[in-house]
Amino acid sequence: MPRTAPAVHTARLEPGDRLLVHSDGVTEGRDAAGAPFGEERLVDVVSRAMADGLPAPEALRRLVRRLTAHQGDRLRDDATVLLVAWHPGGA
């Protein structure tokens, strides 16, 4: 089967913007009943943490705690997350 080139996405970010990148193991992580963690829950957890004024590392800690709790304290798939926050002028 021939390989296809991955899609390339671009966005113009401005100071204060944040970019969240994750593997499918985050949103597809399932609880004991088989319900996925899902994109809505992912966005909710990170958005609430950022609204609380938490820095990116703490927002990710909250996300990882919620994700592992959702899966019975055991990750069963790749769960890679990257959150980048633009702080202009070295602030």
Side-chain angles (χ1 to χ4, degrees):
M1 174 176 247
R3 295 181 64 139
T4 59
V8 175
H9 301 276
T10 61
R12 183 172 297 263
L13 302 176
E14 299 193 14
D17 285 349
R18 294 172 183 92
L19 176 66
L20 178 67
V21 180
H22 63 87
S23 64
D24 64 353
V26 174
T27 54
E28 294 175 3
R30 299 187 180 276
D31 64 11
F37 190 74
E39 288 181 20
E40 287 183 30
R41 192 180 328 239
L42 168 71
V43 170
D44 182 63
V45 171
V46 175
S47 295
R48 287 176 188 261
M50 301 310 280
D52 288 345
L54 297 176
E58 184 56 33
L60 289 181
R61 275 190 279 281
R62 282 190 181 186
L63 174 61
V64 169
R65 283 195 299 266
R66 289 282 304 274
L67 178 60
T68 55
H70 180 80
Q71 296 185 49
D73 294 322
R74 184 168 177 229
L75 293 177
R76 292 172 178 80
D77 194 358
D78 165 46
T80 302
V81 182
L82 171 67
L83 178 61
V84 179
W86 181 356
H87 297 284

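Along the sequence shown, residues are numbered consecutively beginning with 1. Note: hydrogens, waters and symmetry copies are ignored here, and every other heavy atom, side chains too, is used.
- With Pro36 as reference, Arg30 is the one residue of His70, Glu28, Arg30 to meet the side-chain contact (heavy atoms from CB on, under 4.5 Å) rule.
- Of all the heavy atoms in Val45 and Arg66, the pair that sits closest is CG2-NH1, 3.4 Å.
- Ala7 and His9 make their closest contact through CB-NE2, 3.7 Å (heavy atoms, listed as atom of the first residue, atom of the second, distance).
- Under the 4.5 Å side-chain heavy-atom criterion for ILVMFWY residues, no single connected hydrophobic cluster contains both Leu83 and Leu54.
- The structure places CH2 of Trp86 at 13.0 Å from CZ of Arg18, a figure rounded to the nearest 0.5 Å.
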**Report entry** Worked check of side-chain contact (heavy atoms from CB on, under 4.5 Å) between Leu42 and Leu63
**Finding:** CA-CA 7 Å; Leu42 168 71; Leu63 174 61; 3.5 Å; yes

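- Transitive grouping of hydrophobic side chains (ILVMFWY, heavy atoms separated by less than 4.5 Å) brings Met50 and Val26 into a common cluster.
- Contact between Leu67 and Ala79 at its shortest, heavy atoms only, is CD2-CB, 3.8 Å.
- No more than 12 heavy atoms of other residues, nucleotides or ligands sit less than 6.0 Å from atom CD of Glu39.
- A donor-acceptor distance shorter than 3.5 angstrom exists from the side chain of Arg76 to the backbone of Gln71, with no hydrogens or angles considered.
- Other residues, nucleotides and ligands contribute more than 12 heavy atoms inside 6.0 Å of the CZ atom of Arg65.
- In summary, Asp52 and Arg48 do not engage in a salt bridge, as defined by a charged side-chain N under 4.0 Å from a carboxylate O.
- From Thr80, atom OG1 reaches atom NE2 of His22 across 11.0 Å, with rounding to the nearest 0.5 Å.
- A donor-acceptor pair under 3.5 Å links the side-chain atoms of Arg41 to the main chain of Phe37, judged by distance alone.
- For the 3.5 Å distance criterion, the side chains of Asp78 and Ser23 qualify, holding a donor opposite an acceptor.
- Using a 4.5 Å cut-off between side-chain heavy atoms of Ile, Leu, Val, Met, Phe, Trp and Tyr, with links allowed through other members, Leu82 and Leu19 fall into the same hydrophobic cluster.
- With contacts defined as side-chain heavy-atom distances shorter than 4.5 Å, the pair Val81/Leu20 qualifies.
- For the atom pair OG (Ser47) and CD (Glu40), the distance works out to 11.5 Å, reported to the nearest 0.5 Å.
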